[in-house]
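A quick write-up on the structure given underneath.
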Amino acid sequence: MKVRIDKASLLVPLYRAQGVVDRKNTTNVAACVHIAADDVGLSFSATDYEVAVQTEVAAEVIDAGAALVHGRALYDIVRGLPDGSTVLLSTDANHRLRIEAGRAYYHLNGIGPEEFPPDAIADTAGARGLVCDKSQIESMLKRTLFSVSSDESRPALNGVLLEIEPESTGQVRLRMVSTDGHRLSKVERTVAASDYDGQRHRCIVHRRGAQELLRILEGSDPSVRIEFIGQNAIFSSDKARLQVRRIEENFPDYARVIPDRGDTSVTIPTAALLGAIRRVSNLGTVKDPLLRVDLDDGRIALEMHYTDFGEAHEEIELPDWTGPKLKVGFNPKYLQDVCNVLGTESITIEMSDQFSPCLVHADEDPGAVFVVMPMRL
Amino acid sequence: MDSIDVPKTSAWSRIIMHADMDAFYAAVEQRDRPELRGKPLLIGMDHPRSVVTTASYEARPFGVGSAMPMAVAKRKCPQALIIPPRIGYYSTVSQQIMTEFEHFSPYVEPLSLDEAFLDMTGAQRLFGTPHDMARALKQEVFRKVQLRVSVGVACCKYVAKVASDLGKPDGLLVVEPDDTLDFLHPLPISRLWGVGKHGEGLLLALGLRTIGDVARSDPKFLVERLGSLGAHIFALSLGQDPRKVVSDREAQSIGSEDTLAVDVRGYEAILPHLLHAADQVAWRLRRAGLIAHGVRVKLKSASFKIHTRQAVLRPGSHNADDLYAAAQTLLHQFDLREPMRLVGLTAYDMRDQQLPVQEDLFTSADRRKRQNLDVAVDSLAQRFGRGTVKRGSDLH
């Protein structure tokens, strides 16, 4: 194999593979990126057997061929080259990859490219799904990914639930839900779609797959194709294909824990709330931080107590207020996360008592609801 | 050189007391039912596969003791009266006794319903010499519950425990620090803590009969032959036992384990013992105001191999059902083909129950119900005795 390619073009597929390749220093298939050169161009693939990603880029192919080398090492080398460099990649008989740019060259030991599983990314012939605007998928992912659980003992919660349903108008209803057992995010959007098979689809996409999807959506292609085949969901955009093995678990009945409304409802300017939480939670690190929230007529008081330092108290005036007074405790990070992902001018908090799930939403983003479970005081 | 008269208590680096109720269950029955006094009693179920939990002192000359199969005990002492145990009631009495102990020291470590260690270091000003302390404790316990307790006092837990055992019944034995070796060395090796029948055989095979024999042997030789047990018993033979008295409140973990009268084999046979342990541990957690975030199961096989498995408990709990459920899951990870002689459950990673707890979206409603049930059961237990409320599964 011998190809010539500019640094910027080479970096994109290597960057996309970083979330998939095993970062350990051993050179095995899961740690490697597979490079294939043919008449069409170059393709880069990586797999950890759960998530696989493949990206095609244009390049000047001098000799066709393939290589399988350590993905992290190659990325680090290419990233460090001077911007604007032209890179020459070539292999020798011992599976070594030579990377040449200007007067610098590197050799990376590799393994036989035939060891890369040929079916790492399934052939999507016969797959069913749809094509839609990627900005919708991107915004929904950003509103759900943060509340995915990393507790491996609860595998159903380790991913984002993706639901696709036909709408009567010929459009598609997309829904993403995630929860870590303490909080929950649900975002629904009705979007225009093409190539839609008209079917309902339901699939838990593992956290790492969802993170990888955000990476490939950073490209210039405005749309994304979503397909389901066998045990896998496949997302294609910008000459990249991402295959994620479904989590074969039952996602909990999320509708049961989302309250319709709360007796007490307050609307708070997001920036003021974020600033106040940041300041009162800034006095020290606590193992289980507790933000004491006191909702009283016309104001919200936020308070945190620190055994070593003292305490912090802030109040925000609230003109927009209904319902009885309430005292409740929260993990401050949970409220901050919701404010940050919503990014709206103001947020509305609704709840009925100090034990029940608290509902957070914003008028500006009607499809998104968040539930935060309080802490027992 | 002139000798200086130093008060004897000055040589006490620590004052550790072991208090052990005499034939506790039998004594409670005799206290409450005068017609049973002076008679040989076997506390236990009159059932071919049952074992004696306690034999009264009147029955002991016939060669019966706790953990003996009931059938054997009946043969040895046919005139004995067999009394079914009232564990819940004994727990209530135990609670009264432990409360009395806590008037003597803030450092009380209950080992079971009827025995505890107390750290009395620094209490001479309040109670006088170690001997005075022990006498006062015995008097106070008798005044409160009309039961006899044997007390051993020494510089460490191990010697205190041996002292209370040797003094029984109604014992009071103080081992002065300087007398520790003279006290220990004539005793048979079976008095070494951690040496059961199995270990005794090993030591006898090495020609070691008394604790003094162990103390005079080469520690390297003991470690070579016996591994960690060798190092352990060598230290004990010199009266060295650095273990502290740890109350439940400040303990790193709270556990309950039982060496079974009859070895058990298989998942189903182990479960009842785990449930019993879970109940005990959960009760002690709640009593200490703690919530555990980890559960460990310990099994000792008939060949004396110890196996443990542990798991994070999320969310934390001091509810017996939660501990038991976690233990059941852990039990699947053991190789259960061998018979087991000991079953234990330990709660660890404990935090104050006053600390805020993050509620769970999907399980919090259930948990709140069960916590309310615990509060109800605990308050019934406080008024009418533990065991007033029983599990449905215990009633067959």
Side-chain angles (χ1 to χ4, degrees), chain A residues 147 149-154 156-157 177-186 250-259 286-293 303-307 327-335 351-360 369-377, chain B residues 249-250 252 282 285-286 289-297 309-319 321-333 347-376 378:
Chain A
S147 55
S149 169
S150 51
D151 177 358
E152 299 295 331
S153 70
R154 295 169 98 173
L157 308 188
V177 188
S178 73
T179 177
D180 60 7
H182 298 153
R183 52 192 172 153
L184 179 145
S185 313
K186 187 188 82 162
N250 287 325
F251 199 81
D253 180 8
Y254 59 83
R256 186 171 65 85
V257 297
I258 304 178
V286 190
K287 200 173 181 186
D288 299 299
L290 169 70
L291 178 74
R292 293 163 195 270
V293 176
E303 198 167 286
M304 281 189 71
H305 297 192
Y306 299 83
T307 22
K327 280 188 184 179
V328 61
F330 288 110
N331 181 332
K333 183 172 184 299
Y334 292 175
L335 291 183
M351 60 188 313
S352 294
D353 60 52
Q354 73 209 70
F355 303 113
S356 308
C358 164
L359 190 68
V360 187
V369 293
F370 303 88
V371 181
V372 178
M373 204 59 194
M375 289 178 90
R376 186 159 22 108
L377 295 170
Chain B
R249 180 75 196 154
E250 53 175 358
Q252 296 292 310
L285 282 168
R286 294 200 296 272
L290 296 169
I291 291 196
H293 290 258
V295 173
R296 182 157 52 232
V297 171
R309 295 285 184 278
Q310 64 184 46
V312 171
L313 190 59
R314 200 170 352 225
S317 174
H318 51 196
N319 174 278
D321 289 333
D322 292 339
L323 301 183
Y324 180 53
Q328 279 178 296
T329 310
L330 285 170
L331 196 54
H332 284 296
Q333 301 177 12
Y348 63 93
D349 191 5
M350 303 185 298
R351 300 183 204 159
D352 194 318
Q353 67 179 13
Q354 299 299 328
L355 288 176
V357 178
Q358 175 65 54
E359 291 280 7
D360 193 279
L361 265 172
F362 301 98
T363 60
S364 71
D366 269 7
R367 277 168 54 78
R368 250 200 328 280
K369 271 185 220 155
R370 278 186 285 128
Q371 271 158 8
N372 292 341
L373 181 64
D374 282 341
V375 170
D378 285 351

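Please read these numbers as outputs of a predicted model, since none were measured by experiment.
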Neighbour count above 12 (heavy atom, 6.0 Å) for D253(A) CG:
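Count over threshold, so yes.
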
Are more than 12 heavy atoms from other residues, nucleotides or ligands located less than 6.0 Å from atom CD of Q252(B)?
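12 or below, so no.
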
Measuring heavy-atom distances to chain B, does [X] have an atom under 4.5 Å in its side chain, in its backbone, in both, or in neither?
X	answer
D151(A)	side chain
F330(A)	neither
R154(A)	side chain

Rounded to the nearest 0.5 Å, what separates atom CG in L361(B) from atom NE2 in H182(A)?
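With rounding to 0.5 Å, CG (L361(B)) is 8.5 Å from NE2 (H182(A)).
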
Output the distance between atom CD (E359(B)) and atom OG (S356(A)), rounded to the nearest 0.5 Å.
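OG of S356(A) is found 9.5 Å from CD of E359(B).
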
Donor-acceptor under 3.5 Å (Q358(B) side chain, M373(A) main chain)
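Indeed, once roles are kept as given, a pair shorter than 3.5 Å links the two residues.
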
Using side-chain heavy atoms (C-beta onward) and a distance below 4.5 Å, is F362(B) in contact with T179(A)?
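Yes, close enough: below the 4.5 Å cut-off.
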
